[in-house]
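Each chain gets a letter, A, B and so on, in the order its sequence line appears, and its residues count up from 1.
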Number of protein chains: 2
Amino acid sequence: MGAATRERIIEAGSILFRRQGYAGTGMKAIAAAAQAPFGSIYHFFPGGKDELTGEVIRAAGRVYGALVPRFFDGAPDTAVATRCAFRGAAETLRDCNYADACPIAAVALEVASTNEPLRLATAEVFAHWVGGLTARYEGAGLAPAVAHRLAVSFVSMLEGAFVLARASKNAQVVEDAGEIMFEAVRAALDKAAE
Amino acid sequence: MGAATRERIIEAGSILFRRQGYAGTGMKAIAAAAQAPFGSIYHFFPGGKDELTGEVIRAAGRVYGALVPRFFDGAPDTAVATRCAFRGAAETLRDCNYADACPIAAVALEVASTNEPLRLATAEVFAHWVGGLTARYEGAGLAPAVAHRLAVSFVSMLEGAFVLARASKNAQVVEDAGEIMFEAVRAALDKAAE
DNA sequence: GATTAGCTAGAACGTTCTATCAAATGCTGA
DNA sequence: TCAGCATTTGATAGAACGTTCTAGCTAATC
């Protein structure tokens with residue numbers, strides 16, 4: 001009962017934040033999207049919108065963090081995995097008609113200067129994501145500094161490509177960005193193999 | 001008189017949108033930041049918040065568009081110009097304690113699915129920016145498709161790096177991303193020179 | 001059966017939002 | 001100096017916001 005309602009609220013928040021941002025999404029809209037009674041929001045999240053948003057960020061972070069193993073585990077190498085991740089993201093974006101990208105970036109830009117606990121929550125998710133990617137690139141033989149730089153760039157490039165793709169309603173942006181990241185990883189791997 | 005007030009309002013909107021986003025910024029806050037009487041907002045922008053936001057986006061687009069000649073005109077080559085642009089951006093971000101990045105991305109993520117005229121305005125600015133960069137990379141001898149891909153990636157990478165840098169309050173992200181873009185442009189130039 | 005805890009349900013509250021409006025003030029040109 | 005236009009001024013209205021509150025229902029436990 002309750003657990004299902006709570007999860008539905010988090011998921012609805014995630015969807016709406018990514019489509020219309022944090023401040024542009026009201027609690028009543030989240031309740032409606034979750035098909036939950038309005039009072040249940042504060043029952044499950046007594047800390048209010050901030051607490052719900054923190055949970056949304058952490059939950060989204062787990063989903064995005066799981067994308068690394070999904071693309072990197074079976075790939076011939078990390079350059080190909082990188083490209084596949086971007087292609088997968090482009091496909092997902094097309095499938096939802098550019099409505100859904102990443103709720104974390106949307107929230108991050110709004111709260112970075114105004115809500116310290118939420119800024120920290122977004123920073124933590126990004127750091128975790130970068131950490132997972134860095135490990136993969138290191139595991140492929142790249143020096144820690146190079147691996148870290150590529151990981152940071154992967155996340156930056158993908159989040160930025162989402163912005164452009166959503167603005168222009170064109171997923172080719174994400175694929176183009178993926179090609180550049182593919183070549184960057186490819187070049188780093190080749191250089192490390194010398 | 002009036003022209004100065006109008007410009008102050010646009011500038012205040014730009015600053016506040018980049019710090020707290022579109023929906024999180026109220027018109028009274030803009031008026032206060034602009035030191036303008038509240039009613040003047042609707043006098044100058046009878047279309048309301050949407051009209052003001054459109055003007056903010058276009059004005060910011062002009063500022064950002066001017067960054068391309070600023071970094072590319074005097075640089076030894078486009079790879080170095082690319083790196084310098086990212087370093088300049090990192091510096092700017094540090095100077096304002098991570099408060100001010102780009103108002104266009106902040107607005108774009110909020111309006112992409114909910115406000116078509118503003119989505120188009122953001123798309124237009126990004127397209128113009130990408131166009132300017134593409135011309136620079138083409139002018140350096142790169143094939144049109146490669147130039148376009150690098151330009152798209154430049155803008156994506158920079159906007160994404162802003163997200164991460166603001167979330168983590170660490171401008172090193174922007175510099176790392178700039179190194180990857182530098183190497184990508186370098187490699188493309190070297191390949192085109194063969 | 002009585003009690004308790006969890007969840008649902010939605011009204012009410014105070015605040016903030018966007019937009020409108022009428023009046024006042026200032027500036028310019030005839 | 002005066003009229004007309006531009007700009008300023010700030011109160012007001014209605015809607016939406018996040019939060020709180022009360023009441024009711026259900027299931028589990030004693």
Quick one: pull up OG in B/S153 and CE in A/M181 and give me the separation to the nearest 0.5 Å. 9.0 Å
Would you say the side-chain atoms of B/R166 and A/S113 include a donor-acceptor pair closer than 3.5 Å? yes
Taking atom types as modelled and ignoring hydrogens, do the side chains of B/T82 and B/Y137 form a donor-acceptor contact shorter than 3.5 angstrom? yes
Rounded to whole Å, please give me the gap between [atom1] in [X] and [atom2] in [N].
{"X": "A/H43", "N": "D/dC25", "atom1": "NE2", "atom2": "P", "answer": "18 Å"}
{"X": "B/Q35", "N": "D/dG10", "atom1": "CD", "atom2": "C1'", "answer": "17 Å"}
{"X": "A/F45", "N": "C/dC7", "atom1": "CZ", "atom2": "C1'", "answer": "14 Å"}

Find the bend of the helix from C/dG1-D/dC30 to C/dA30-D/dT1 as the angle between its two terminal axes (five pairs each), to the nearest 10°. 10°
So does B/S40 get a side-chain nitrogen or oxygen closer than 4.0 Å to the phosphate oxygens (OP1/OP2) of D/dT7? no
Please confirm whether the shortest side-chain N or O distance from B/T5 to OP1 or OP2 of D/dT7 is below 4.0 Å. no
Please report the C-alpha distance between A/I30 and A/F17 in whole Å, then the side-chain angles of each, then the deciding distance to 0.1 Å, and finally whether the side chain to side chain contact (heavy atoms under 4.5 Å, CB included) criterion is met. CA-CA 9 Å; A/I30 295 177; A/F17 287 158; 4.3 Å; yes
A/E124 side chain near A/L120 side chain, heavy-atom distance below 4.5 Å: no
Parallel under 30°, tilted from 30 to 60°, perpendicular over 60°: which one fits the rings of B/W129 and B/F154? perpendicular
Using a 4.0 Å cut-off on protein heavy atoms (strictly under), produce a 5'-to-3' string for nucleotides 16-26 of chain C with B for base contact, S for backbone-only sugar-phosphate contact, and - for none. --BBB------
Would you verify whether the NZ or CZ of B/K49 falls within 45 degrees of the ring axis of B/Y42 while also being under 6.0 Å from that six-membered ring's centre? no
Donor-acceptor under 3.5 Å (A/Q20 side chain, A/G24 main chain): yes
